Amino acid sequence: MSKTAETVWNNCLAFIEDNITSQAYKTWFEPIKAVKLTDNALSIQVPSKFFYEWLEEHYVKILKVALTKELGSSAKLVYIIKMENTYGNKQPFTEKIPSANRSNLRSQDVDVPLKNKSPELRNPFVIPGIRNVKIESQLNPNYNFENFLEGESNRLARSAGLAVANKPGGTSFNPLLIFGGVGLGKTHLGHAIGVDIKDKYPEKTVLYISAEKFTQQYIESVKKNNRNDFIHFYQIIDVLIVDDIQLLSGKAGTQDVFFHIFNHLHQNGKQVILTSDKAPVDMVDIEQRLLSRFKWGLSAELNHPDYDTRVAIIKNKLYRDGVEMPDDIVEFLANNIKTNIRELEGAIISLIAHSSFNKKEITIELARKIVDNYVKHTKREVSIDYIQKVVSDYFQMDVDTLQSKTRKRHIVQARQLAMFFAKKLTKASLASIGSQIGQRDHATVLHACKTVDNLSTTDKQFRKYVEELNKKLTL
Ligand code: ADP
Ligand code: MG
């Protein structure tokens, strides 16, 4: 039997897998594709230049041994670097790089314009034209540990944050993923960790960035053809804090680049801190390899604060603002705004404003009015039962039919719509949605959400279903 690129590479892989840790194997070898075999040269495709560099730096020996076993002493390895093109055009463009010469699989002859080519790092935070290589940490000093009050709801996340701040990169909480609902303190805690590290280790390069800004910078770098500078910039950070990581959902290019930055930082003992409004298992449209990395360290949840913590937060805020408020009003606020600390703060600010503009005392009546305004705005959450009922009625079937095992198209679609809306309108996890809608697993729910997303962009009739159901469910 004649050798093909694939068989040769599979044999190499088998050898390599036996000789390195499974983590390393998964990270660095599974993503590789064998592309071509000519004479004694095997071409493999790698996802990025960084990837290529990493292989050359860390695995060249084992690659050489494996390949020599397969192809003899004149074996050669050719890397093909697959670059991602993020602009609509799905066609990847490939860049071919001649491998290391002769039997010697080393990188000297490889033309990769990455390492130390640009003497100065380009800093994506810098406005063009202004020279500045110092990296500003973008931290908000008002968000610190001192004013991040501790309670049952945040104890784990807060102590993990403190541990990380004491020994950035030196704990097993790497990455530290802080997740929880809106207004529960993710951004505050992220900054607090950064501020504390800057305090304790002024020489460390700390950077806070929202996932949204990160994405914009990345897109910009692709446009300007300096993606490598972008990557490089992030690879020299000691402590990287990325806020609202769920926003990378569906953005394959940004996820890919973040994956490489993450790996580089992690392998070099640098600290990564992430926040997200969802637990990793509930993140949608985030690549598996990235999700699995999010789970390497610690995921700590910020829960709704209990009554005592809410009271403490209100009192602390009043104290810092130099305002006094009768206890019964503080208790009234704490009793009525339970699920969002930002709203709690908003209500306090608005109460103070009203009373001082109108020269009125802060009374329970005033507090009631303001809370009504605040709490009315927060939508009541619909239940999954209610969603199933509305969707079944809409398609004129009963809930049992919607939940049944049948593969009939219109029933499957109704079920997928119910799952989609359950994901959209409730805080339930994928797994819990699945178990409530006909005993399905979380992957089925995920698939349903994707299908509905797809169909509503490609199918007009289907879009109408989604719109009409959305109206019915959110009125
Ligand atoms: P998220 O990023 O989770 O949406 P934020 O970090 O923006 O929430 O927090 C919302 C507001 O609540 C901020 O003003 C923050 O200072 C305040 N906050 C949150 N948690 C606490 C806490 N434990 N102690 C004091 N203030 C808090
Ligand atoms: Mg936030």
Side-chain angles (χ1 to χ4, degrees), residues 137-165 175-196 207-216 240-249 272-280 282-283 294 298-323 325 330 333-334 336-353 370-371 374-375 377-379 381 427:
S137 64
Q138 318 287 323
L139 289 166
N140 178 350
N142 295 324
Y143 283 155
N144 50 46
F145 273 115
E146 220 158 281
N147 60 24
F148 189 81
L149 300 194
E150 182 173 350
E152 206 51 63
S153 56
N154 62 34
R155 189 154 294 136
L156 173 67
R158 193 177 186 279
S159 2
L162 277 168
V164 162
L176 173 61
L177 174 73
I178 302 159
F179 70 96
V182 183
L184 293 180
K186 301 180 295 291
T187 299
H188 187 142
L189 186 53
H191 279 283
I193 298 170
V195 167
D196 204 31
L207 181 70
Y208 167 90
I209 179 120
S210 65
E212 195 184 358
K213 196 157 176 195
F214 180 87
T215 305
Q216 286 165 4
L240 180 63
I241 306 160
V242 186
D243 203 359
D244 288 323
I245 198 85
Q246 80 278 355
L247 295 176
L248 297 189
S249 133
V272 179
I273 297 146
L274 308 168
T275 81
S276 163
D277 69 356
K278 296 182 190 66
D282 290 323
M283 288 187 202
F294 293 172
L298 176 73
S299 303
E301 182 167 12
L302 290 174
N303 292 297
H304 294 164
D306 54 34
Y307 177 78
D308 290 338
T309 313
R310 298 198 296 275
V311 169
I313 289 174
I314 298 171
K315 289 198 165 157
N316 181 261
K317 169 117 190 91
L318 293 171
Y319 173 76
R320 278 186 289 130
D321 291 350
V323 178
M325 206 180 272
V330 171
L333 292 175
N336 285 281
I337 305 180
K338 297 178 180 166
T339 59
N340 183 328
I341 299 170
R342 189 176 298 125
E343 282 179 3
L344 199 56
E345 289 186 341
I348 300 169
I349 292 166
S350 136
L351 199 51
I352 295 170
I370 280 162
V371 166
Y374 266 85
V375 178
H377 289 309
T378 57
K379 270 196 216 98
E381 186 170 303
K427 293 196 187 75

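For ligands, and for the atoms within them, numbers begin at 1 and follow the listed sequence. This structure is a prediction, so every number in the text was calculated from the model and none was measured.
- Residue L149 has at least one N or O atom closer than 3.5 Å to an N or O atom of ligand 1.
- Taking every heavy atom of K186 and a limit of under 4.0 angstrom, the matching atoms of ligand 1 come to 1 (P), 2 (O), 3 (O), 4 (O), 6 (O), 8 (O).
- Scanning all heavy atoms of the two residues, the minimum distance from I178 to I193 falls at CD1-CD1, 4.1 Å.
- Contact check on R342 versus E345 returns no salt bridge, with no Lys/Arg side-chain nitrogen under 4.0 Å from an Asp/Glu carboxylate oxygen.
- Applying the side chain to side chain donor-acceptor pair (under 3.5 Å) test between H188 and each of N144, N147, N142 identifies N147 as the sole match.
- Residue I313 has no N or O atom closer than 3.5 Å to an N or O atom of ligand 1.
- Scanning the protein for heavy atoms near atom 6 (O) of ligand 1, the closest one is H188 N, 2.8 Å.
- When all heavy atoms are compared, the tightest approach of G151 to T309 is CA-OG1, 3.6 Å.
- Counting only heavy atoms of the protein, atom 7 (O) of ligand 1 lies nearest to R342 NH2, 2.8 Å.
- Here the closest heavy-atom approach between residue P141 and residue V195 is recorded as CA-CG2, 4.1 Å.
- Nearest approach of N154 to L149, heavy atoms of both residues: ND2-O, 2.8 Å.
- Polar contact with ligand 1: present for G185 (N/O pair, distance under 3.5 Å).
- Smallest separation of non-hydrogen atoms from G185 and L302: C-CD1, 3.5 Å.
- With hydrogens left out, the protein atom closest to atom 2 (O) of ligand 1 is T187 OG1, 2.8 Å, a heavy atom.
- When the heavy-atom distances from atom 17 (C) of ligand 1 to K317, E345, R158 are ranked, the shortest goes to E345.
- In this structure, G181 has a heavy atom closer than 4.0 Å to ligand 1.
- Legend: residues meeting ring pair (Phe, Tyr, Trp, His ring centres under 6.0 Å) with F179, ordered by chain and number and at least two apart, are absent.
- D244 and S210 are not linked by any side-chain donor-acceptor pair at a separation below 3.5 angstrom, with hydrogens and angles left out of the test.
- Counting only heavy atoms of the protein, atom 18 (N) of ligand 1 lies nearest to I341 CG2, 3.5 Å.
- Between G183 and ligand 1, at least one N/O pair is under 3.5 Å apart.
- The nearest N, O or S atom of T187 is closer to the Mg ion (ligand 2) than 2.8 Å.
- Numbered from 1 in the order shown, with element, the atoms of ligand 1 that lie under 4.0 Å from a heavy atom of N154 read 23 (N).
- Contacts between N147 and ligand 1 below 4.0 angstrom, taking non-hydrogen atoms only, involve the backbone exclusively.
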